[in-house]
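All figures in this text were calculated on a predicted structure; none of them were measured in a lab.
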Amino acid sequence: MSLLTGKTVVVSGVGAGLGRQVAAAVVRDGGNAVLGARTEAHLAKTAGELDPDGARTAYRATDITDEGQCRELAALACERFGRIDGVVHVAAWDSYFGGIEDADFESWAGVVDVNLLGTLRMTRACLPALKERGGSVVFIGTQSAVAAPSQVRQAAYAASKGALTSAMYSLARELGPHRIRVNTVLPGWMWGPPVEAYVRFTAQGEGVPEAEVRRRLAERMALPELATDGDVADAAVFLASERARAITGQSLLVNAGELMR
């Protein structure tokens, strides 16, 4: 039996990278995937590629800063499949760069509203259905929340994701009596669209081959290559499955061994 046979998983932030890979892994492993993101056309394209007959996917345009839209996505899962067994939170604002000295704190507040409060809004919207049978909430955090990278500055992103990991501990304790597990996956450098763009930009700026930039990143790892979006998606799906039934309040680094703790 596949990991998620008969289960329904809500996936927020289904874009071209990690969100798509999580949705693909849910369908691959026998589950129903309910997809949310801000752009409906992209959702339709992704659902059509992953599930051509539409039997195991549903989607709705969703902005997680809007509590009503979060409730509508949760309602869609229940209307279409009759249940919610898991939520994987990929939606995030990860494109704001900089540190404290050049900080625009209004932008920081926006990052927190999406990455922390938006994730909690979407979680709360799914709670009534999750409480019926128990289930799993999986946050996507970042290694940057526990060890800042030297290559880029993303202080706002790291702070928002660090706050989300701290919230995880409280939620795991609060929701545990309902048999709802809450865990976080912490990716490091993850080969997918954002890191591919970073490698291209850096290679062009330095006048070196892209392979050289990628090699420099990989040499930081205990394993000889970067983790991929698919690797992170597999970790998230494991935590969403019954094979992780005794795991809650935990953070799992998926980083090819760059940081060990």
In Asn32, Val88, Val27, the residue satisfying side chain to side chain contact (heavy atoms under 4.5 Å, CB included) with Val9 is Val88
So CG of Asn183 and OG1 of Thr165: to nearest 0.5 Å the spacing works out to 11.0 Å
Q.
Quick check: do His89 and Val137 have side-chain heavy atoms less than 4.5 Å from each other?
A. yes
From CA spacing to verdict: salt bridge (Lys or Arg N to Asp or Glu O under 4.0 Å), Arg153, Glu101: CA-CA 11 Å; Arg153 288 182 179 175; Glu101 290 189 308; 5.3 Å; no
Item to check | Arg80 side chain vs Thr57 backbone, donor-acceptor pair below 3.5 Å | outcome: yes
Taken to the nearest 0.5 Å, the spacing of Asn255 CG from Thr142 OG1 works out to 10.0 Å
Distance col, row Met190:CE vs Asp229:CG, nearest 0.5 angstrom, shows 4.5 Å
Check your understanding: Is Leu171 linked to Leu116 within one hydrophobic cluster, defined over Ile, Leu, Val, Met, Phe, Trp and Tyr using a side-chain heavy-atom separation of less than 4.5 Å?
Key -> yes
In terms of hydrophobic clustering (I, L, V, M, F, W, Y; side-chain heavy atoms under 4.5 Å; direct or indirect links), are Val111 and Ile64 co-clustered? yes
Note: Val138 and Ala236 closest approach over all heavy atoms is CG2-O, 3.8 Å
Note, Leu73 side chain near Val10 side chain (heavy atom, < 4.5 Å) = yes
Exercise for review: Go through the steps to decide whether Val90 and Val14 satisfy the test side chain to side chain contact (heavy atoms under 4.5 Å, CB included), and finish with yes or no.
Suggested key: CA-CA 7 Å; Val90 183; Val14 179; over 6 Å; no
- Greater than 12 external heavy atoms within 6.0 Å of Arg133's CZ: yes
- Are Val232 and Leu223 connected in a single hydrophobic cluster, I mean Ile/Leu/Val/Met/Phe/Trp/Tyr linked by side-chain heavy atoms less than 4.5 Å apart? no
For Tyr59, the ring pair (Phe, Tyr, Trp, His ring centres under 6.0 Å) test, sequence neighbours excluded, returns none
Is it the case that one hydrophobic cluster holds both Met122 and Leu76, taking links as side-chain heavy atoms less than 4.5 Å apart, direct or via other members?
yes
- Task: Measure from the side-chain N and O atoms of Arg181 to the backbone N and O of Leu239, and report whether any donor-acceptor pair falls under 3.5 Å.
- Result: yes
Interatomic distance, CD@Glu40 vs CZ@Arg60, rounded to 0.5 Å, equals 9.0 Å
Any chain of hydrophobic side-chain contacts (each under 4.5 Å) joining Leu120 to Tyr169?
yes
Arg179, CZ: over 12 other non-hydrogen atoms inside 6.0 angstrom
no
Any side-chain heavy atom of Trp93 within less than 4.5 Å of one from Thr65? no
Exercise. Yes or no on side chain to side chain contact (heavy atoms under 4.5 Å, CB included) for Leu3 and Arg243, after CA distance, side-chain angles and deciding distance?
Worked result: CA-CA 7 Å; Leu3 283 178; Arg243 292 188 183 175; 3.1 Å; yes
Of all heavy-atom pairs linking Leu35 and Ala23, the shortest is CD2-CB, 3.5 Å
_Could you check whether any side-chain heavy atom of Pro187 comes within less than 4.5 Å of a side-chain heavy atom of Ile140, counting everything from C-beta outward?_
yes
Heavy atoms of Leu217 and Val195 approach each other most closely as CD1-CG1, 4.3 Å
Counting only heavy atoms from other residues, nucleotides and ligands, does the tally under 6.0 Å from CD of Glu206 exceed 12? yes
Taking atom CD as the centre, does Glu219 end up with more than 12 heavy-atom neighbours from other residues, nucleotides or ligands that are less than 6.0 angstrom away?
yes
Heavy-atom closest pair (Ala77 atom, Ile84 atom, distance to 0.1 Å) is CB-CG1, 3.6 Å
Sequence neighbours excluded, the answer for side chain to side chain contact (heavy atoms under 4.5 Å, CB included) partners of Thr228 is Trp191, Asp231
What verdict does the side chain to side chain contact (heavy atoms under 4.5 Å, CB included) test give for Phe139 and Leu186, after you've listed the backbone C-alpha separation in whole Å, the side-chain angles of each residue and the deciding distance to 0.1 Å? CA-CA 9 Å; Phe139 297 153; Leu186 302 175; over 6 Å; no
Test side chain to side chain contact (heavy atoms under 4.5 Å, CB included) applied to Arg83 and Lys7, step by step
CA-CA 8 Å; Arg83 59 194 294 161; Lys7 306 293 187 181; 4.1 Å; yes
When rounded to the nearest 0.5 Å, the distance separating CG of Asp85 from CD of Glu132 is 10.0 Å
Item checked: Note: Asp63-Arg121 ion pair, threshold 4.0 Å (strictly below) -> no
| message | Quick one: does any side-chain atom of Ser12 pair with a main-chain N or O of Ala91 as donor and acceptor, under 3.5 Å? | response | yes
Point to revise | Any Leu127 side-chain heavy atom under 4.5 Å of Leu175 side chain | key: yes
Separation between CG (Asp66) and CD (Gln69), nearest 0.5 Å, reads 4.0 Å
For this session: Without swapping roles, check the side chain of Thr62 against the backbone of Cys70 for a donor-acceptor pair under 3.5 Å.
Result: no
Heavy atoms, side chains only, cut-off 4.5 Å: are Glu49 and Arg20 in contact? yes
### Task
Would you indicate whether the side-chain heavy atoms of Ile247 and Ser136 approach each other to under 4.5 Å?
no
Of all heavy-atom pairs linking Gly141 and Tyr157, the shortest is O-OH, 4.1 Å
Closest non-hydrogen atoms of Trp108 and Gly99, given as atom of the first, atom of the second and distance, are CZ2-O, 4.2 Å
- Got a donor-acceptor contact below 3.5 angstrom from the Asp29 side chain to the Ser2 backbone? no
Check: Can you tell me if CZ on Arg216 sees more than 12 non-hydrogen neighbours from other groups inside 6.0 Å?
Finding: yes
Exercise. Please confirm whether the backbone N or O of Gly31 pairs with a side-chain atom of Arg56, one donor and one acceptor, at under 3.5 Å?
Key: yes
>> Do Asp234 and Arg28 have side chains that approach each other closer than 4.5 Å (heavy atoms only, starting at C-beta)?
In response: yes
